[in-house]
Amino acid sequence: MTQVLIKGLGLIGSSLALAIRQAHPDVTIVGSDVVPATLDYAQQSQLVDDVTTDFSTAAVTADVIILAGPVAVICDDLATLATLSLKPQVVITDVGSTKQTVLTAARPLQQRGLAFVGGHPMAGSHKSGVMAGRADLFENAYYFLVPGLAPKAAVQQLQALLVGTHVKWLTVTPKQHDRLVGQLSHLPHVVAAALVNQTQQALADSPLGLRLAAGGFKSITRIASADPTMWQSILLNNGQVVTSQLQAYIDQLAAIKAAIEQQDAPQINAFFAAAKTTRDHLGPEHLGSLPNFFDLFLNIPDQTGAIADVAQRLAAAGLSLVNIHILEIREEVDGVLQVTFGDAATRDQAASVLQQADYQIVRRN
């Protein structure tokens with residue numbers, strides 16, 4: 001019987017446990033965490049079969065070890081594992097948000113011939129902790145695999161174990177991973193947090209202040225609500241990449257600032273035109289074989305129950321939604337609703353269902 005040890009039963013660790021349990025009821029799952037209340041909840045709710053605070057002892061008998069803590073903790077755990085007599089065929093993986101640091105920490109294990117497969121599920125929630133775990137948290141999300149020196153069989157074993165997550169697998173190098181998530185996740189979080197902080201300062205003397213924040217401001221700053229401790233760890237471990245990308249962003253801001261100061265109308269227009277062209281061309285038809293999501297954008301009236309009506313029609317047709325997002329909504333003006341699907345066929349069926357109900361499809365990607 002396969003024994004899986006999960007170190008760290010926060011949102012990601014507990015969700016992986018649930019997904020494994022759902023797909024492989026015969027697998028024994030052991031949970032390890034430093035918070036006793038977390039272990040008590042995990043065991044009482046049958047999230048895991050057993051719990052322990054003794055990570056080292058549990059690791060020796062494990063067939064698969066999943067490290068689901070912050071990056072700094074993952075690196076410490078890898079150092080601990082390097083001192084233990086693990087099973088020769090053990091597969092070790094992590095869920096850390098940076099990979100070059102983690103793969104470096106895993107090198108002693110790899111030099112011993114043990115299989116380490118770096119991993120990073122691109123999924124999350126505004127909730128945290130063991131009670132926030134959901135078996136469907138990762139459904140249709142990207143899951144980066146960074147095998148390093150791991151044999152193909154170890155990668156396939158890990159994918160088979162996590163089949164219940166229903167993710168879209170992407171295999172990359174550590175450098176590719178950190179560059180991608182730096183630009184598409186880490187930098188945007190810094191920008192969003194900076195904008196919120198700057199706006200708070202700028203409107204500190206206004207009686208209305210951030211109470212007027214809506215629409216575009218809320219959309220662009222939503223991710224500023226992320227966990228500060230987690231982002232401290234991420235930025236410290238991907239600092240070289242993010243500082244370079246941050247400087248490039250600062251250069252862009254300086255250029256548009258200069259254009260505004262100089263009243264350079266053509267340059268201002270070019271700035272927004274370039275961004276619009278790039279943003280409007282995001283979509284699967286431009287991304288080759290990369291697994292992607294498929295979107296419909298439709299006008300939706302400012303009426304009670306309008307979004308529920310869309311969701312109910314799709315559910316009645318047996319069409320599964322990946323995500324739903326209001327891009328713009330104002331009183332007495334039609335908004336734009338973005339509905340996301342896992343494949344093009346489902347998206348096209350949804351378009352037909354909604355058009356038959358007189359919804360106007362603005363665009364499909």
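For the numbers below, each heavy atom of this structure counts, side chains included, while hydrogens, waters and symmetry mates do not.
Annotation for Q240: atom CD does not count as buried by contact number, only 12 or fewer foreign heavy atoms lying within 6.0 Å. Other residues, nucleotides and ligands contribute at most 12 non-hydrogen atoms within 6.0 Å of the OH atom of Y249. Within 6.0 Å of atom CD in Q247, more than 12 heavy atoms from other residues, nucleotides or ligands are found, so the atom counts as buried in its surroundings. The neighbour count for Q89 CD, taken as heavy atoms of other residues, nucleotides or ligands under 6.0 Å away, does not exceed 12.
Note that CG of N237 and CD of Q100 are 11.0 Å apart. Values are rounded to the nearest 0.5 Å. Rounded to the nearest 0.5 angstrom, D251 CG and L246 CG are separated by 10.0 Å. Taking CD1 of I29 as the start and CD of Q46 as the end, the distance is 11.5 Å to the nearest 0.5 Å. In this structure, the separation between CD on Q338 and CG on L298 is 10.0 Å, given to the nearest 0.5 Å. Rounding to the nearest 0.5 Å places CG of D178 at 13.0 Å from CD of Q183. Expressed to the nearest 0.5 Å, how far CG of L170 lies from OH of Y143 amounts to 12.5 Å.
Sorted by first and then second residue, the pairs that involve residues 97-123 and meet salt bridge (charged side-chain N to carboxylate O under 4.0 Å, His left out), not counting sequence neighbours, are D94-K99. Within the structure, salt bridge (charged side-chain N to carboxylate O under 4.0 Å, His left out) pairs that include any residue of residues 263-278 comprise K276-D280 (at least two apart or interchain). For the ring pair (Phe, Tyr, Trp, His ring centres under 6.0 Å) condition, the pairs that include at least one residue of residues 220-247, sequence neighbours left out, are H186-W231, H189-W231. Here salt bridge (charged side-chain N to carboxylate O under 4.0 Å, His left out) pairs that include residues 229-244, with residues two or more places apart or in two chains, number zero. For residues 27-54, every residue pair satisfying the salt bridge (charged side-chain N to carboxylate O under 4.0 Å, His left out) rule, not counting sequence neighbours, is listed here: R21-D49.
Contact record, A154 with A115: CB-CB, 3.7 Å, taken as the closest heavy-atom pair. For the residue pair G342 and K168, the shortest heavy atom distance occurs at O-NZ, 3.5 Å. Taking both residues in full, the closest heavy atoms of S97 and H177 are given as O-CE1, 3.2 Å, listed atom of the first, atom of the second, then distance. A pairwise comparison of heavy atoms in Q245 and R179 identifies NE2-O, 3.1 Å as the closest pair. Of all heavy-atom pairs between A135 and A19, the closest is O-CB, 3.9 Å. The nearest pair of heavy atoms linking S45 to Y41 is OG-O, 2.7 Å.
Checking V30, L16, V91, L161 one by one against V4, the side-chain contact (heavy atoms from CB on, under 4.5 Å) holds for a single residue, L161.
Hydrophobic clustering, with ILVMFWY side chains joined whenever heavy atoms are under 4.5 angstrom apart, keeps L187 apart from V172. Residues M131 and L47 share a single hydrophobic cluster, defined by chaining ILVMFWY side chains whose heavy atoms lie under 4.5 Å apart. Linking Ile, Leu, Val, Met, Phe, Trp and Tyr residues whenever their side-chain heavy atoms come within less than 4.5 Å places F272 and I260 in a single cluster. The hydrophobic cluster containing W169 also contains L137, counting ILVMFWY residues as joined when their side-chain heavy atoms lie under 4.5 angstrom apart, directly or transitively. Residues I234 and L180 do not share a hydrophobic cluster, clusters being chains of Ile/Leu/Val/Met/Phe/Trp/Tyr side chains in contact below 4.5 Å.
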Exercise for the section: Could you give me the CA-CA distance, side-chain angles and deciding distance for T340 and L321, then say whether side chain to side chain contact (heavy atoms under 4.5 Å, CB included) is met? Expected result: CA-CA 6 Å; T340 305; L321 272 171; 5.9 Å; no

Practice task
Decide side chain to side chain contact (heavy atoms under 4.5 Å, CB included) for L162 and F138; before the verdict, give the C-alpha distance in whole Å, the side-chain angles of both, and the deciding distance to 0.1 Å.
Solution key: CA-CA 10 Å; L162 300 181; F138 311 100; over 6 Å; no

Problem - side chain to side chain contact (heavy atoms under 4.5 Å, CB included) evaluation trace for L84 with F55 - result: CA-CA 11 Å; L84 303 177; F55 171 63; 5.6 Å; no

Problem - Trace of the side chain to side chain contact (heavy atoms under 4.5 Å, CB included) decision for T93 with L145 - result: CA-CA 9 Å; T93 189; L145 288 176; 5.7 Å; no

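Between Q157 and V64 there is a side-chain heavy-atom pair separated by less than 4.5 Å. A 4.5 Å side-chain heavy-atom check between I6 and V48 finds every atom pair outside the cut-off. Annotation: side chain of I12 is in contact with side chain of P121 (closest heavy-atom distance under 4.5 Å). Proximity of T2 to D26: side-chain heavy atoms (C-beta onward) are nowhere separated by under 4.5 Å. By the 4.5 Å heavy-atom criterion applied to side chains, P188 and I223 are counted as neighbours. You'll find the side chain of F341 reaches within 4.5 Å of the side chain of L296, heavy atoms only. No side-chain heavy atom of L337 sits under 4.5 Å from any side-chain heavy atom of Y359. Considering only heavy atoms from C-beta on, I20 comes within 4.5 Å of I66 through its side chain.
When atom types are taken as modelled, the side chain of E139 and the backbone of D136 share no donor-acceptor pair closer than 3.5 angstrom. With hydrogens and angles disregarded, a donor-acceptor distance shorter than 3.5 Å links the side chain of N197 to the backbone of A193. Counting only distance, with no hydrogens or angles, the side chain of N238 and the backbone of V241 share no donor-acceptor pair below 3.5 Å.
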Contacts table for residues 71-80: side-chain donor-acceptor under 3.5 angstrom, sequence neighbours left out:
unit_1: D77; atom_1: OD1; unit_2: K7; atom_2: NZ; d: 2.8
unit_1: D77; atom_1: OD2; unit_2: K7; atom_2: NZ; d: 3.1
unit_1: T80; atom_1: OG1; unit_2: D76; atom_2: O; d: 3.2

